Amino acid sequence: MFVVRGGRPLRGRVSVSGAKNAALPIMAAALVANGTSVLHGVPDLVDVTTLSSVLRSLGMNVDRRPDGAIALSTCDEQRCLADYELVRRMRASVCVLGPLLGRRGRACVSLPGGCNIGHRPIDLHLKGLRALGAKITIDRGYVFARVDRLVGADIYLGGSFGSTVTGTCNVMCAAVFAKGITTISAAACEPEVVDLGNYLNAMGAKIEGLGTPLLRIEGVDDLNAVEHTVIPDRIEAATMLIAAAMTGGRLQVDNLVPAHLAGVIDALRMMGVMIEIHDHTAIVTAPDTLRALDITALPYPGIPTDVQAQFTALLSIAEGISVVTDKVFPDRFMHIPELMRMGANVRREGACSIIAGIKTLSGACVMASDLRASAALLLAALAADGESVIRRVYHLDRGYERLELKFNKVGADIARVVDQPETMPASLQLSEEEQQPLAVDSSDSPPPPKFLSRRESGQPKFK
Ligand code: EPU
């Protein structure tokens, strides 16, 4: 768990790591390559370790080199099983489905199961792969997919909540080998999908329209391994910008792509936060007072659902009433009750939360439910008065590379400690006096309330 001493403005310079959500599908796509793929900028995260285990179980060598690059090559193309024991740890493991089917013609991938951020079906992934000719059945919790030769098709991948990011990745990775032309409409436009597409194109694929909702893919017979550098993590970058704004600090955030953060930067500026952009750097300065704002999480280029929780933490100390809506994951609000333990004034209404800003949060003991909720709680703790404890920070480790060390370098005070009763800070424990039952002074205390029957209270009786 983390013990955080809040109320310290973050000042200095931090650098953003490579994007988790680009690295994962790109590592999975190395399944389709001949030779050894070398990936730079893959962050050192628990999710990356989990996917490496999945890929090894699928007959790949996966090595982290001394320079930090990850090298991937295939040693056994017969293996096609992504087991439940690995997939249940990380749902992004489903990214191996498209590459396996495209390259090996066969895949048996466990369905990932439940998720704390809401219902996450993969029906659109399966619809797209079936359209390419795959025979797919679900049996005993596994997706069994098989095909002799994939054939290009026109595929619509839109769903009730917009496009699908990993669904587009899966269908794209299979379609690169399909005979003829595939079009994908309502394709996801997220930078992570574009990064995967650029990687596949560098290997010899023919994908056009990346970054737009209409992809055109001409199938090829073979793809050859290349070196590739993963894009910077726009969610980590946004988390850092919000951290500076929340703590009243000034941060220089290096290694970001401003265009990937247009919605986030615009929202922060509307709240009064000052942001200067220079190439791949943003300098963010907190204002004296943050202004309330209504924001909606949408597919790219909208504000990402992956920063909805962090924005909620920020808006909880902005002056006025804010409304936060999540149109991508309408149930992703597990952070709210925990933020309320820190004093935030938030009411959930369906896919929205309504926030009445307060001046300062107060440190408390809170529990992280998922990756981005844990980031939101960390931000809240950094800005809060007093000490906070954040439990279950293993969620944070899944998606942020040593975030507490990065924050500590710019003035935060975050200690990672073993979760034991004795490591609970004294400041969060109730005093002996606060733990005492109420003292009853019989001489001048009013008599206890008497419960009256309806007749005694004069209320009409219902027949
Ligand atoms: N959806 C369907 N059917 C499908 C697929 C998705 O109805 O077959 C719905 C989902 O339930 C959701 C919406 O479509 O309501 C978008 O889901 P999407 O498929 O785009 O999400 P994902 O690919 O499973 C990726 C990221 C998530 C991020 C979402 C949205 C990875 C590994 N994961 O998930 O990242 O929130 O896109 O941008 O890329 C995170 O990093 O914390 C995280 C959860």
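What you are looking at is a predicted structure, and each value in this text was computed from that prediction instead of being measured. Just so you know, these numbers use all the heavy atoms, side chains as well, and skip hydrogens, waters and symmetry mates. Atoms within a ligand are numbered from 1 in the order they appear, just like the ligands themselves.
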TODO: Check the pair F407 / M240 against side chain to side chain contact (heavy atoms under 4.5 Å, CB included), numbers first and verdict last.
DONE: CA-CA 9 Å; F407 280 154; M240 288 168 167; 4.2 Å; yes

Task: Worked check of salt bridge (charged side-chain N to carboxylate O under 4.0 Å, His left out) between R416 and D397 - done: CA-CA 12 Å; R416 188 183 280 263; D397 297 333; 2.8 Å; yes

Compile the donor-acceptor pairs under 3.5 Å between side chains in residues 341-352 and protein atoms, sequence neighbours left out, one pair per line.
residue : atom : partner : partner atom : Å
R341    : NH1  : C365    : O            : 2.2
R347    : NH1  : E349    : OE2          : 2.3
R348    : NE   : G350    : O            : 2.6
R348    : NH2  : P330    : O            : 3.3
R348    : NH2  : D331    : OD1          : 3.0
R348    : NH2  : G350    : O            : 3.1

TODO: Can you sort out the partners of R89 under salt bridge (Lys or Arg N to Asp or Glu O under 4.0 Å), two or more places apart, ordered by chain and number?
DONE: none

TODO: Please list, by chain and number, the protein residues whose heavy atoms come under 4.0 Å of ligand 1.
DONE: K20, N21, A92, I117, H119, R120, P121, I122, D123, L124, H125, F161, S163, T164, V165, T166, T305, D306, V328, F329, R332, L371, R372

TODO: With sequence neighbours excluded, tell me which residues meet side-chain hydrogen bond (donor to acceptor under 3.5 Å, both in side chains) with E85.
DONE: R88

Task: Heavy-atom pair of closest approach, residues S37 and A30 - done: OG-CB, 3.8 Å

